[in-house]
Amino acid sequence: MAHFSHAIFRVSLVVVVVMAAMVLRGDAKCAFEAIFNFGDSNSDTGGFFAAFPSQSSPNGMTYFNRPTGRPSNGRLFIDFLAQGLGLPFLSPYLQSIGSDFRHGANFATSASTVLQPNTSLYVTGVSPFYLAVQINQMKNFKARVEEFKSQGQTNLPQPDVFGKSLYTFYIGQNDFTGYASSAGPGGVKQIQPQIISQIVSAIKEIYWLGGRTFMVLNLAPVGCYPTFLVQQSQGGSDIDPSGCMMSYNNAVNDYNENLKQALSQVRQELHDANVIYVDTNSVILDLFRNPNSHGMQHATTACCGYGGGSYNYNQQVFCGATKVVDGQTVTASACSDPQNYVSWDGIHLTEAANKIIAYSLLSGSNFDPSFALNQYCDIQPIG
């Protein structure tokens, strides 16, 4: 218990220090002129929505006041990170209208995996834009920037931006959960090497394109997510004192440790690159274990869902959907106070939770090795 109390104090102190250090300045500078992001729904700012327009309210209700393709009530951590570095929100690479790529691009799409899916979107809902496809899109993006810049394109970055950019990776959760659903949490060990190998390969490919600073976020404690908790009986032997599934979280921890070791090896190979392991897991886990310490009230209960009870989640009715369940027409609607929830829809986090993750990134409190962003950028407010 003392360890957790110390962790809470440390995270809270970091948030206070980062907020105090944020000074809005018109002449703010940042060594990173752009962000290029690779991932899944945890950082998708509208890519999947651009390819398959289907998102409905109440997604986007808090900040944008409309659905934007983000699976949350508002901004995601990648939005806050961009704001903190003084950059605009990232335009999805797949969005053809209204995009501005001068300060980067977002290749993440919801339901994306690291490994090539062996099924289709219309069978299991897995995105066709897995990591290797996103890397190929990045290669094409760079080639087109070099081709079109001479023609006076105004929504593209300068050709030399790729060596002055931050590259973020937050992907692998769908591989993990998809395999765990069929083989069990322990069975995920079988695909760990392939997942990690593909992430390492992606970093090296971006390195050869000119990238030199990489942040790789580890997997979240999915054993605390309502979408998995509803499958377990309350108070079962697999549930820890915080109400999370130990089997899933232990398997995630095993994966994260192997990812950390792999990135350490990459640093030895790419001597002039910053390859940073980001322990997002500990931040999110603390949110679920101690929501009150972060100004929230509800941990494992979804804000937007149906069913009430401890989890307010029904696998038949996703956030915003209306369906017939047990002979009744029901709607998975949103709570009126999402700022008090960690979980938005049972699968994704609220804007409030995403902001806490962003604070940890901007402070560098969960980086290995240490990397002080405030030495490269004048950190801006992310209110």
Side chains of Asp279 and Asn218, donor plus acceptor under 3.5 Å | yes
Compare every heavy atom of Ala220 with every heavy atom of Val252, then report the nearest pair and how far apart it is.
-> CG1-O, 3.5 Å
For the pair Phe107 and Phe141, name the ring-plane relationship: parallel under 30°, tilted 30 to 60°, perpendicular over 60°.
-> perpendicular
Taking the six-membered ring of Tyr63, is NZ or CZ of Arg75 closer than 6.0 Å to its centre and within 45° of its axis?
-> yes
Between Cys304 and Ala332, what is the shortest heavy-atom contact and its length?
-> SG-O, 3.8 Å
When Glu33 is tested against each of Lys164, Gln158, Arg102 for side-chain hydrogen bond (donor to acceptor under 3.5 Å, both in side chains), which residue passes?
-> Lys164
Identified side chain to side chain contact (heavy atoms under 4.5 Å, CB included) partner of Asn37 from the options Asn106, Leu76, Ile171, Leu81 | Asn106
More than 12 heavy atoms of other residues, nucleotides or ligands under 6.0 Å from CG of Asp326: is that the case?
-> no
Write down the atom of Ser110, the atom of Ser127, and the distance for their closest heavy-atom approach.
-> O-CB, 3.2 Å
Aromatic rings Phe36 and Tyr167: how do their planes relate, parallel, tilted or perpendicular, breaks at 30° and 60°?
-> parallel
Determine the interplanar angle of the Tyr170 and Phe77 rings, folded into 0 to 90°, and report it as parallel if under 30°, tilted if 30 to 60°, perpendicular if over 60°.
-> perpendicular
Quiz: residues 190-200 side-chain donor-acceptor pairs under 3.5 angstrom, not counting sequence neighbours:
| residue | atom | partner | partner atom | Å |
| --- | --- | --- | --- | --- |
| Gln190 | OE1 | Tyr179 | OH | 3.1 |
| Gln192 | OE1 | Asn258 | ND2 | 2.5 |
| Gln192 | NE2 | Asp254 | OD2 | 2.9 |

CD of Gln328: more than 12 outside heavy atoms within 6.0 angstrom?
-> no
Do the side chain of Thr301 and the main chain of Ser310 share a donor and acceptor less than 3.5 angstrom apart?
-> yes
Do Thr177 side-chain atoms and Gln173 backbone N/O form a donor-acceptor pair below 3.5 Å?
-> yes
Could you tell me whether a side-chain N or O of Asn354 sits under 3.5 Å from a main-chain N or O of Thr350, the two making a donor and an acceptor?
-> yes
Determine if the SG-SG distance between Cys30 and Cys377 falls under 2.5 Å.
-> yes
Validate the cation-pi geometry between Arg267 and Tyr277: distance from NZ or CZ to the six-membered ring centre under 6.0 Å, angle to the ring axis within 45°.
-> no
Would you say the side-chain atoms of Asn340 and Asp337 include a donor-acceptor pair closer than 3.5 Å?
-> yes
